[in-house]
S.K.: 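Okay, here's the structure, questions in a sec.
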Amino acid sequence: MSSSALPLSRSSRPPGDRALLDAEEAKIEAAPLVTLAGVSKKYQNGVAALAGLDLCVRTGDFLSLLGPSGCGKSTALRLIAGLEPATSGTIEWAGGQASGRPSIGFVFQDPTLMPWASVESNVFLPLRLEGWSFRTASERIEEALALVGLPDFRKAMPRELSGGMKMRVSIARALVTRPSLLLMDEPFAALDEITRFKLNDDLMRLKQEMNCTVIFVTHSIYESAYLSTRIAVMAARPGRIIAEIGLDAALPRKEHFRRESAYLDACARAADALHGAMDAKDHM
Amino acid sequence: MGAPDDEAEAGTSARGRRAGEVARARLVGIILPIAVFAGAIGLWEFIVRVNGIEPYVLPAPSVVIATLAKDWGTLSLSLLVTLRTMAIALVLATVGGVLIAVIFAQSRLIERSLYPFAVILQVTPIVAIAPLLLVYLNSGTAILVCAFIVAFFPILSNTTLGLASTDPNLRNLFKLYGAGPWRELVLLRAPSALPYFLGGLRIAGGLALIGAVVAEIAAGSAGQGSGLAYRIVESGYRLNIPRMFAALLLISLTGILVYAVLALVSHLLLRRWHESALDR
């Protein structure tokens, strides 16, 4: 981790403790949140979505799973969320097997809002399912909507919102439980580029404010390089990780990061890895 | 510098003219169907009077209305009987159809095992079943069962379809937050199925009336029946054609009323969110 990424607050501490603190924080930063070892997923129709996936997600990571469609990146996300069981292999959480799974927020490619419910009812849903009353949840709902920049839309119906706003509501719904792990499955793929850039910036800010770990599935090299602290490049048939790329620059990043060498270098390495996998397939 | 103002003025007046045209088109859209309907009734009255057709062959509309007023005592009682049959049948069909649809939604195996019965009941003409039911049951119950059978299927099939059409990602979300099947049913699948159910209910309302009428006619003089359809059969035997028309008119009006009420209910429940009920 580069020193530029560390919080500013530490400058107030005595200089003698600095080395020790650095080492400690580095250890905390590096603590694995979830480790996937040899994870395979075979569907009933015989399709092997994943074969021998090894992946370690560390607390505080913004990890992108980058790959072409059909490489099993969404499947990997669903396995981590516990929506499906793995065919073989283990998924181990920091607190021990599946029981140690932290609170999770999930954002799908489509906003998947309930069209019959108002924005606030949609955001309330996760808390409602956890047994909260609407009155006690009201503050949380307000907080989540403020985080995504929609504080004035509590009473609106989903159909009254634009695509980007619906996605913001969807993100607010994922954040309302204050999850420590946010899983996002190509959330911005269906949005226009300008909206996507705006939401990218907001997402980085949110991640810092919420202090959560993010696993972000995307098929955009540029998006992954702009957002991530780590990119896991995946190839299809069978789904596996073919390269891991680290980006040290601190979050949140600004537009000028797109012109920096670290960004360009990450893009080039990701593209090389993807092309390499495709060429290898062509030669088979 | 007057040009922009002129343009703006021209724009305003053009907009005003267009708004006027829209309002006029809407008015024509309301008035024209009413005028055509009134014209058809007027033509009927005219033909009967000019040709001096006897009321026992074809009564004029004015005679039908007069008969309706004269026989209101008998006909209104019959109307109540038919309405009651239809309403009870519709309520039973709704409760039964939704309940079985929910059971179907729990397991494909149950659905596959029971669906054939529902289909057999649906495809067998109710006129053919009615005489059999009249053998086993007293006429009042038999008529009710007939109306129930025809109203039941559209509710069952539509609700089953609706419950199965829930967004899979929303179901994933419920699973992620550990919601049990009951909460998923109440909070997610039921509202998802609502537009489908209401579509089925609108069809079922009309069919319940048809079922009740068919069964009353099948029961005929065998029943001590006193519904509107029974009045039609009875008036036919007595060659009281104006009264047949009057009873027929009441049946039509009942059908229109039921449809309008159910359409209104559907609109009120869906207008905030469903495509089918949004103003365009």
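A, B, ... follow the sequence lines: proteins, then strands. Residue 1 opens every chain. Since the structure is predicted, the reported quantities are computational estimates derived from the model, not experimental observations.
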S.K.: Do you know which two heavy atoms are closest between P126(A) and Y177(B), and how far apart they sit?
M.R.: CB-CZ, 3.5 Å
S.K.: Counting only non-hydrogen atoms closer than 4.5 Å, does F106(A) touch chain B with its backbone (N, CA, C, O), its side chain (CB onward), both, or neither?
M.R.: both
S.K.: Could you grab the distance from atom CG of L176(B) to atom CG of L183(A), nearest 0.5 Å is fine?
M.R.: 7.5 Å
S.K.: Check whether any side-chain N or O of R128(A) sits under 3.5 Å from a backbone N or O of L187(B) as a donor-acceptor pair, and report yes or no.
M.R.: no
S.K.: Tell me which of these, R78(A), E160(A), E130(A), has more heavy-atom pairs under 4.5 Å with chain B than the rest.
M.R.: R78(A)
S.K.: Given that the side chain runs from C-beta out, which part of L113(A) has a heavy atom under 4.5 Å from chain B: side chain, backbone, both or neither?
M.R.: backbone
S.K.: Checking W116(A) against L188(B) for the side chain to side chain contact (heavy atoms under 4.5 Å, CB included) test, could you report, in this order, the C-alpha distance in whole Å, the side-chain angles of both residues, the deciding distance, and whether it holds?
M.R.: CA-CA 10 Å; W116(A) 56 85; L188(B) 179 62; 3.8 Å; yes
S.K.: If you count heavy atoms of other groups shown closer than 6.0 angstrom to CG of L264(B), is the number above 12?
M.R.: yes
S.K.: Write down the atom of L129(A), the atom of A179(B), and the distance for their closest heavy-atom approach.
M.R.: CD2-CB, 3.7 Å
S.K.: Roughly how far, to the nearest 0.5 Å, is CG of N172(B) from CG of L83(A)?
M.R.: 4.5 Å
S.K.: Heavy-atom cut-off 4.5 Å, strictly under: side chain, backbone, both or neither for S103(A) against chain B?
M.R.: neither
S.K.: Indicate the atoms forming the closest heavy-atom contact of R159(A) with R272(B), along with that distance.
M.R.: NE-O, 2.9 Å
S.K.: So which of S192(B), G180(B), G178(B) has the largest heavy-atom pair count under 4.5 angstrom toward chain A?
M.R.: S192(B)
S.K.: Please classify the contact between L194(B) and chain A as side chain, backbone, both or neither, with a heavy-atom cut-off of under 4.5 Å.
M.R.: neither
S.K.: Using a 6.0 Å cut-off, check whether atom CZ of R84(B) has over 12 heavy atoms from anything other than its own residue.
M.R.: no
S.K.: Give a yes or no on whether Y115(B) atom OH has more than 12 heavy-atom contacts from other residues, nucleotides or ligands under 6.0 Å away.
M.R.: yes
S.K.: Heavy-atom cut-off 4.5 Å, strictly under: side chain, backbone, both or neither for N169(B) against chain A?
M.R.: both
S.K.: Can you check whether anything in residues 168-176 of chain A gets within less than 4.5 Å of chain B, heavy-atom wise, and list it by number?
M.R.: R173(A), A174(A)
